[in-house]
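Counting convention: from 1, in listed order, for ligands and their atoms alike. All heavy atoms count here, side chains included; hydrogens, waters and symmetry mates do not.
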Amino acid sequence: MRINNILIVPPLVAAPMAGITDQANRLIAREFGAAWVISEMISCKGIIYDQAKTWELLAMEANEPLAVQLFGSVPAEVAEAAAMVAEKIKPLAIDINMGCPTPKIVKGGDGAALLLNPKLAGEIVRRTVAMVNIPVTVKTRKAWDANSPDCLGLVREVEAAGAAAITIHGRTRDQFYSGKADWGIIRAVKATVSVPVIGNGDVTSAAEAKRMFEDTGCDAVMVGRAAIGNPWLYRDIARSLQGLAPLLPPSLAERLAVARRHLAMAIERKGEYRGIREMRLQLAWYLKGLPRAARIRDAINKADSLEAIEQVWATIE
Ligand SMILES: Cc1cc2nc3c(=O)[nH]c(=O)nc-3n(C[C@H](O)[C@H](O)[C@H](O)COP(=O)(O)O)c2cc1C
């Protein structure tokens, strides 16, 4: 896939996930084969008001092929925040969140609420494209709910406004993360726009990724939840897209080794206190499927130092 002059090979994208896809997570995702990674969503107001906590979320490594994702719904604010991020962080692209279903976000007219106002969505993209000289992309959902128009109006507007690629998660806002993603809408978007389309929703294996390409004609697949604590999924999908033979699933020792390295990277960047707290969920997923997974998860949730976590791990090695 190509987004303007950025070549994304293999066409495998790590989904932005608030509280998950920090720098350590993105570096692991890339190492395992995701060719395009996106920051967790960042508040445009937080950028404009220069909140330290907002900028903290934007730590990135030099040359990281990273899109920064912004949420906001006032065109001038999104454009200004994008320009500030472009100058200070120098990402390769800006992605605009038009899909977040969280009440706190949609109440402010942001995220998925933009599905109800395609003209405004277009205006946000138009103003942002005018302010930055990197590609501006959009991530959205199927529709607001089953009774409202689907996202085809929005994708037409944002494409006309200059969006360089569009990601579609095949659920309505109402569905949040439940039910099954409708890949038919991804196919419909692909038939509607000529910019690259990234398909998203429920890809859990290399076979499913292949099926999404075949069923929808999408240009890239984006993987979210199934890769939490399981970066081997990126490896499996990347290998399959490159026509390479599948590898065996990771052993327990390999899972622990990567979990350890991932945690060390988080601690290096955030310190032990925050690093551990913010990685607990992911640590639990690294050990999913173990016979005593629930008990181990509880123990990890109580552990508040690296030493305490090492003690839990020592019981399973
Ligand atoms: C914990 C969590 C946080 C998320 N945060 C974001 C976000 O910040 N921005 C965004 O566009 N989507 C966000 N999403 C949605 C994912 O990017 C993705 O669209 C969704 O999980 C469907 O893909 P999947 O079935 O592969 O998980 C989030 C999802 C989860 C589970």
**Message:** Using the side chain to side chain donor-acceptor pair (under 3.5 Å) criterion, which residues pair with Arg295? Sequence neighbours excluded.
**Reply:** none
**Prompt:** Can a cation-pi geometry be assigned to Arg30 and Phe32, taking NZ or CZ under 6.0 Å from the six-membered ring centre and within 45° of the ring axis?
**Reply:** no
**Axial cation check for Tyr177 ring with Arg141, 6.0 Å and 45° limits** = yes
**Message:** Checking Gln282 now: which residues fulfil side chain to side chain donor-acceptor pair (under 3.5 Å) with it, not counting sequence neighbours?
**Reply:** Asn25
**Request:** Mind jotting down which protein residues get a heavy-atom contact under 4.0 Å with ligand 1? Chain and number order, please.
**Result:** Ala15, Pro16, Met17, Ala18, Met41, Gln69, Asn97, Lys139, His169, Tyr177, Asn200, Gly201, Asp202, Val223, Gly224, Arg225
**Request:** Only pairs at least two apart or in different chains count here, so list each salt bridge (Lys or Arg N to Asp or Glu O under 4.0 Å) that has a residue in residues 180-196.
**Result:** Lys142-Asp182, Lys190-Asp219
**Asked** Please walk me through it: do Ser305 and Glu272 pass side chain to side chain donor-acceptor pair (under 3.5 Å)?
**Response** CA-CA 7 Å; Ser305 67; Glu272 192 166 333; 4.5 Å; no
